[in-house]
Number of protein chains: 2
Amino acid sequence: MPTINDVAEAAGVSASTVSYVLSGKRSISAATRARVERAIEQLGYRPHAGARALASSRTNVLALMVPLRQSADVNVIMDFVGAVATRARRHDHDVLLLTQDETTGLERVTGGSLVDALIVMDIELDDPRVDVLARLGRPTVLIGVPRDPRGLSCVDFDFGGAVGTAVEHLAALGHRGIGFVGSSPDAVARRAGYAVRVRDGFRAAVAAAGVAGAMSPVEASLPGARAALAAVRAEVPDLTGLVVHNEGALPSVLAVLAEEGTRVPQDVSVVSIEAADASQHLPGRPTSIDLPSLEVGTAAVDMVMARLEGSVAPETRLVPATLTDRGTTAPPRRGGRAGTRRVSPSRRR
Amino acid sequence: MPTINDVAEAAGVSASTVSYVLSGKRSISAATRARVERAIEQLGYRPHAGARALASSRTNVLALMVPLRQSADVNVIMDFVGAVATRARRHDHDVLLLTQDETTGLERVTGGSLVDALIVMDIELDDPRVDVLARLGRPTVLIGVPRDPRGLSCVDFDFGGAVGTAVEHLAALGHRGIGFVGSSPDAVARRAGYAVRVRDGFRAAVAAAGVAGAMSPVEASLPGARAALAAVRAEVPDLTGLVVHNEGALPSVLAVLAEEGTRVPQDVSVVSIEAADASQHLPGRPTSIDLPSLEVGTAAVDMVMARLEGSVAPETRLVPATLTDRGTTAPPRRGGRAGTRRVSPSRRR
DNA sequence: CTGAAAGCGCTAACAC
DNA sequence: GTGTTAGCGCTTTCAG
């Protein structure tokens with residue numbers, strides 16, 4: 001591998017000039033620059049990352065801590081990881097992968113000066129890693145909003161806004177009784193982060209729209225779906241709108257409606273809150289609020305880079321979701337010829 | 001951050017002694033070692049990765065190139081990535097993430113001495129990256145076996161063995177007519193790597209068992225499944241055994257059998273070849289040959305490390321799959337009380 | 001607009 | 001068993 005000195009010699013300049021050509025940190029005459037660039041080209045020169053890191057205290061690598069086991073939706077994670085990797089390259093950075101189960105990973109890579117920024121996924125409401133990260137004092141972005149971010153920046157889906165949009169959409173169509181079936185009880189218990197925001201968002205939206213609302217968790221199974229539907233209907237008897245925030249349980253919910261003979265959207269309108277990108281093109285999906293995993297990943301990188309470049313204030317950014325109408329919502333009851341498509345009962349995911 | 005000199009001073013030794021305590025590359029008296037270790041502990045010392053890389057030409061980082069877009073099974077990829085990351089740590093290495101779409105990534109990270117070994121997923125039969133990798137001259141392991149590995153090591157599932165095991169299992173039960181429905185036509189066309197091995201494996205196994213066999217590709221849809229079944233039955237009229245190598249199409253195949261009134265396993269025995277770990281615990285899965293993504297990831301790391309440590313010969317390792325009986329195979333026709341469970345028609349995945 | 005030179009923190013001969 | 005020292009390849013003052 002050629003070194004910066006080889007390049008300097010080939011170009012007939014000093015090593016520092018080559019360095020400055022590369023970094024652009026001082027002005028270089030066009031002629032010199034051309035000679036240097038040509039030498040770099042010819043020799044196939046690449047700066048040695050370690051040497052550069054040693055001299056500059058910048059590694060141009062950012063760490064991404066990913067939940068690998070058991071975790072929620074693999075598609076979302078992959079989309080997200082892809083977005084981070086892609087965006088990081090645009091900031092001239094590479095991505096070092098850290099896994100959840102290696103608890104000391106964060107200390108190791110920062111202490112060892114392997115990376116100069118951190119993005120940590122899947123932050124829970126009282127995540128113990130937040131303390132660690134705050135102590136490390138590196139530019140950090142949390143995916144998910146903990147109770148106390150301790151001066152760190154956060155990004156997440158705007159769950160509150162998403163459920164609000166869903167409710168508003170249904171209310172605008174004329175629905176007066178709206179049910180929400182959400183995460184499994186365990187999920188809620190485990191990392192109530194978004195669950196809280198969803199709950200508050202639903203309550204606020206229902207109140208603002210002046211409609212009746214009821215919430216229930218739901219397990220991803222037919223009995224689970226039956227129970228959840230029964231629960232919200234018990235509370236709101238004239239329920240005609242349904243917001244589902246549980247991709248796993250969605251098929252069961254639709255299957256239960258079908259087996260009851262409840263037509264969608266003629267009898268009940270359905271809006272699903274789910275990850276964008278994942279299985280985006282599958283036929284037969286309901287109207288949905290799409291959570292933009294890609295945009296969250298991109299935002300996370302931009303935010304962490306901003307802090308690296310010296311931006312001072314930590315920020316919390318909630319990326320809005322948008323509604324995609326796929327014909328599973330319509331005005332309630334006798335509302336003329338309502339939606340177009342109807343949900344086929346035996347659909348699979 | 002404390003440096004090695006701080007540690008040396010605190011311990012009352014020279015910097016090189018600290019270095020040798022850390023590397024174990026020469027013997028140190030117990031007393032000295034204890035003092036050094038205590039100083040390291042107290043100061044919270046971590047060697048600077050860049051400095052170490054510069055001095056030793058070893059980064060302790062390996063690059064993993066992952067297919068991010070469109071790719072086959074996300075679950076498999078995640079399992080695999082997890083296995084690589086975990087195993088790499090046991091070799092005291094970290095993992096740098098490279099994505100498929102950044103074509104120059106491999107040159108960049110090797111040229112820049114960012115990593116000292118490479119694992120590249122999703123290698124196709126005539127993958128252009130193989131040439132590049134061979135030229136780079138770093139320890140490399142390919143996931144997937146190209147037509148010409150050009151001196152690089154490869155790991156992959158033993159697809160040939162997997163289909164062989166499936167056929168043998170069915171033949172041993174007494175089946176004399178066995179069908180194989182496999183990847184979608186496009187997949188086969190695109191990266192015929194494993195498709196070829198599957199085909200040859202099936203042919204060989206069928207011949208060895210002395211039974212009749214027929215193969216067909218299959219699309220992941222009900223019409224696709226019908227067509228594939230018709231195709232293999234046309235060739236083997238008394239077909240009683242079915243091997244499915246297409247996780248996406250499996251539900252459709254089972255649904256078609258159910259709608260025909262064909263009982264599993266009484267009328268037809270079914271074996272699926274699919275990724276292990278992914279949705280391992282879902283109920284209602286058929287007897288399967290499980291492709292061990294986790295083991296392939298682990299093997300990939302071990303192999304690349306072996307080459308880093310100086311092992312000379314490149315090797316190609318095919319990780320065997322094992323059969324898990326879930327009661328969807330039984331002796332054909334009047335064969336007494338056959339399998340136990342039966343496949344429910346409306347199952348989802 | 002360009003060079004010379006002093007490190008960055010560590011490893012690995014080379015000494016004893 | 002331990003210390004001394006010369007780099008590894010780059011960035012960045014300091015000088016001109």
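Note: hydrogens, waters and symmetry copies are ignored here, and every other heavy atom, side chains too, is used. Letters A, B, ... mirror the listed sequences (proteins, then strands); counts begin at 1. Predicted model, so just to flag it, every value in this text is computed and none were measured.
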Inset, instruction - Indicate the atoms forming the closest heavy-atom contact of A15(A) with A8(A), along with that distance. - result: N-CB, 3.6 Å
Legend entry - Value rounded to 0.5 Å, distance of CZ in R129(A) from CG in L106(A): 7.5 Å
Inset, instruction - Please list all pairs passing the side-chain hydrogen bond (donor to acceptor under 3.5 Å, both in side chains) test where one or both residues lie in residues 131-156 of chain A, with sequence neighbours left out. - result: D126(A)-R147(A), D131(A)-R150(A), D156(A)-R197(A)
Show each protein N/O and nucleotides 5-8 of chain C N/O combination with a separation under 3.5 Å, one pair to a line.
| from | atom 1 | to | atom 2 | distance (Å) |
| --- | --- | --- | --- | --- |
| dC8(C) | O2 | A55(A) | N | 3.4 |

Legend entry - Donor-acceptor contact below 3.5 Å, side chain H48(A) vs main chain G50(A): yes
Inset, instruction - Round to a whole Å and report the spacing from CZ of R52(B) to C1' of dG9(C). - result: 11 Å
Legend entry - DNA chain C-proximal residues of residues 19-45 of chain B, any heavy atom under 4.0 Å: S19(B), Y20(B), K25(B), R26(B), Y45(B)
Legend entry - pair L96(A)-L97(B): side-chain heavy atoms closer than 4.5 Å: no
Legend entry - Beyond-backbone contact of F157(B) with L318(B), side-chain heavy atoms, under 4.5 angstrom: no
Inset, instruction - Measure the distance from CG on N60(B) to P on dT11(C) and round it to the nearest whole Å. - result: 10 Å
Legend entry - Length of the CE-P vector between M1(B) and dG9(C), whole Å: 11 Å
Inset, instruction - Report the residues that fulfil salt bridge (Lys or Arg N to Asp or Glu O under 4.0 Å) with E102(A), sequence neighbours left out, ordered by chain and then residue number. - result: R108(A), R89(B)
Legend entry - Bounds of contact between DNA chain D and chain A, in 5' to 3' order, using a heavy-atom cut-off under 4.0 Å: dG9(D) to dC14(D)
Legend entry - Contact check, side chains of D158(B) and Y194(B), non-hydrogen atoms, under 4.5 Å: no
Inset, instruction - Give a yes or no on this: more than 12 heavy atoms of other residues, nucleotides or ligands lie within 6.0 Å of atom CD of E107(B). - result: yes
Legend entry - salt bridge (Lys or Arg N to Asp or Glu O under 4.0 Å) partners of residues 41-58 of chain A, not counting sequence neighbours, each pair once: R58(A)-D116(A), R58(A)-E309(A)
Inset, instruction - Check every strand shown and say whether G12(A) touches a base, only sugar-phosphate, or nothing at a heavy-atom separation below 4.0 Å. - result: sugar-phosphate
Inset, instruction - Check every strand shown and say whether V18(B) touches a base, only sugar-phosphate, or nothing at a heavy-atom separation below 4.0 Å. - result: nothing
Legend entry - Side chains of N60(B) and D94(B) in contact at under 4.5 Å (non-hydrogen atoms): no
